[in-house]
Amino acid sequence: MKTLLMLALQSMRNRRLTAIMTILAIAVSVTLLVGVEKLRTGAKVSFSNTISGTDLIVGARSGSVQMLLYSVFRIGNATNNISWQSYQDIAANPKVAWTIPISLGDSHRGYRVLGTNGDYFKHYKYGRQRHLKFEQGHQFTALHDVVLGAEVAQKLGYQLGQQLVIGHGIGNTSFSEHKDQPFKVVGILKPTGTPLDRTLHVSLAAIEAIHVDWQAGAYIAGSGGTVPVEERQLQPKAITAMLVGLKSKMATFKLQRSINNYRGEALQAILPGVALQELWAMISIAEQMLLVISGFVVATGLFGMLTVLLTSLNERRREMAILRAIGARPWQIFLLLVLETGGLTLCGILLSMVMLYGGLGLTLPVIESQFGLFLELDWPSRYELTLLAVVWCSGTLCGLVPGYRAYRNSVSDGMTVRI
Amino acid sequence: MLTPIIELDQVHFSWDQAQPVLDIPQLKIYPGERIFLHGPSGSGKSSLLNLIGGINTPNQGNVSVLGQKINQQGSAWRDRFRSNHIGLIFQQFNLLPYLSVIENVLLPCRFSAKRRQRAISRYGSLNSAATKLLEQLGIAQSMLNRPVTALSIGQQQRVAAARALIGSPELLIADEPTSALDSDSRNAFLQLLINECDHNETTLIFVSHDNSLQANFSRVISLAQLNQVEVM
């Protein structure tokens, strides 16, 4: 066995160029496979880390995925609002620890504007129960203060103290802007890797204020009266949705049921975790495809190895006959080739790990800032190890084909060296 | 009466029924003999060597080597038997190109514990066994760790002889080992080979076309006469 290992190694060293190319082909394909797997799980983790610590999301009755999309991911629109009265009723429920009102509908250069209150910065959590942190500045205090998500500030190049105008409605080029009431940047949040980075935060009162002169979706100057906005009672009549944190998780389902049966208006409460799962299940078809494709790439790599070995087999017939003459058994010849494929695959896998972790280490900051994906550079997961084991086994099994041919050759050639 | 080292008795061999290759009523080779075996191509030399080496077994009759009827044993036994008792030299390209000179020579000792023991008990260690054999065959110390591809064909054949002789197998089969050599190195090689066989008490079967070498051998066997199968 030791002899065979030595022979396999030496023989491969002799054919080192093809061996290295084979190892590279396998390494690249395995890197792709595990890389896709890492991105996939990373995306899933990032995705489900978007919101945490929130027990219920309450909005107007619609689909749970839709509600999750507009309230957390800033995708799509709410079908209806919930009244301020309902908000206050739920907030006053003794089981409720905290609430965060959310008012959506306006935007700034393609980024959504979210109206909320100070509880947002106090209670909103993402990832592993992480609170929002300020990179610079502080939360809004004056009526026309705005707090920017990290990406908004970075992409649009806003600094503290800078003024900006919010557009009415959503969309990149808004035709009507709230030009009469410019906002001042007072805070910039740290990156979170969630849609929050792409959000501008203002107070609920500010949302009311900029819509004072708006009637039925059109701006009519002075139509809202002549009292300056600063002196008005800017109580919202409705909000888009609310996030609810409970004192005890045990009450979640009970409160959910009572909100769903709320008499005042048609409300719906969803569990963010469940809705995230539903949403992920919809997306996961694409990521499964990605995994399947990279599986095929690995298969291509292994076929490449098989081709190289089968081609080399004729040239190595003499080698086999010499070994037979010296006393090698046909199964040892067979094993020699299986050892070779096993060794090549193993080297390929090890190299792929170096490439993957090296590559990820280098590109991690870019991935984080460009895609908001937070990947963790930890040891391969059990699933990844299983993938690697499957690749290694298939690679070694590939050796059965040239191994069997070499076996047949060595039985029929015997000690006669045929070329 | 001395027991033959090789004895073929009523041996019939064919790859398929229609075309018999060998029909040898009797062949006896005794220990210490220097056999010159010759015959035209297609006369069944390779088949005969494969029978003696235990690669193939006869369809009929018995092949005995060292008093053992090897055709009655399994292939695993025959493979082990071959690695323990028989050294082989081919016409050309005897050496594994990816091993150094000394690694090539030591190869049989890796497959056969018996030859490893004999080499050690005779020379003290495997390395000194290989070095000594190579030295006697005219391969300088400086070449030991060279790749075999750096050697001339004559040198390669001498390395092959050292490999076949290490661990003193009882039988050495040389299948036209000199046909790729020029006449000067041919004679030199043959002398060295015979000396070393004497030294190791190894019986030599030397297959060749070159009848001018016959004088160096104790017996000449013509396969054409030995084999009863008509050559087509």
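The basis for the numbers below is simple: all heavy atoms, side chains too, and nothing from hydrogens, waters or symmetry mates. For clarity, every value in this text was computed on a predicted model and none was experimentally measured. Here is how names work: the chains are called A, B, and so on, in the same order as the sequence lines, proteins then strands, and each is numbered from 1.
Shortest non-hydrogen contact noted between A:Ala321 and B:Phe90 is O-CZ, 4.4 Å.
Applying the 6.0 Å contact sphere to CZ of A:Arg405 captures no more than 12 heavy atoms from other residues, nucleotides or ligands.
None of A:Met12, A:Gln10, A:Arg15 except one satisfies the side-chain contact (heavy atoms from CB on, under 4.5 Å) rule with B:Tyr98; the exception is A:Gln10.
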A:Ile322 and B:Leu88: CA distance, side-chain angles, deciding distance, side chain to side chain contact (heavy atoms under 4.5 Å, CB included) verdict:
CA-CA 9 Å; A:Ile322 293 168; B:Leu88 281 145; over 6 Å; no
Please lay out, stage by stage, how B:Leu96 and A:Asn14 fare under the test side chain to side chain contact (heavy atoms under 4.5 Å, CB included).
CA-CA 10 Å; B:Leu96 294 182; A:Asn14 191 46; over 6 Å; no
A:Gln332 and B:Phe111: CA distance, side-chain angles, deciding distance, side chain to side chain contact (heavy atoms under 4.5 Å, CB included) verdict
CA-CA 11 Å; A:Gln332 288 176 315; B:Phe111 281 93; 3.7 Å; yes
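Contact of B:Ala164 with chain A is not made at all, since no heavy-atom distance falls under 4.5 Å. With a threshold of 4.5 angstrom between heavy atoms, B:Leu107 approaches chain A through its backbone and through its side chain. Residue A:Met6 touches chain B through its side chain alone, counting heavy-atom pairs closer than 4.5 Å. Of the atoms belonging to A:Leu7, heavy atoms from both backbone and side chain fall under 4.5 Å from chain B.
Counting only heavy atoms from C-beta outward, the side chains of A:Glu319 and B:Pro97 never approach each other to under 4.5 Å.
Among B:Arg163, B:Arg80, B:Arg78, the residue making the largest number of heavy-atom pairs under 4.5 Å with chain A is B:Arg163. Contact count versus chain B (heavy atoms, under 4.5 Å) is highest, among A:Ile326, A:Leu4, A:Leu323, for A:Ile326.
Checking side-chain atoms of B:Arg82 against main-chain N and O of A:Arg324 turns up a donor-acceptor pair under 3.5 Å.
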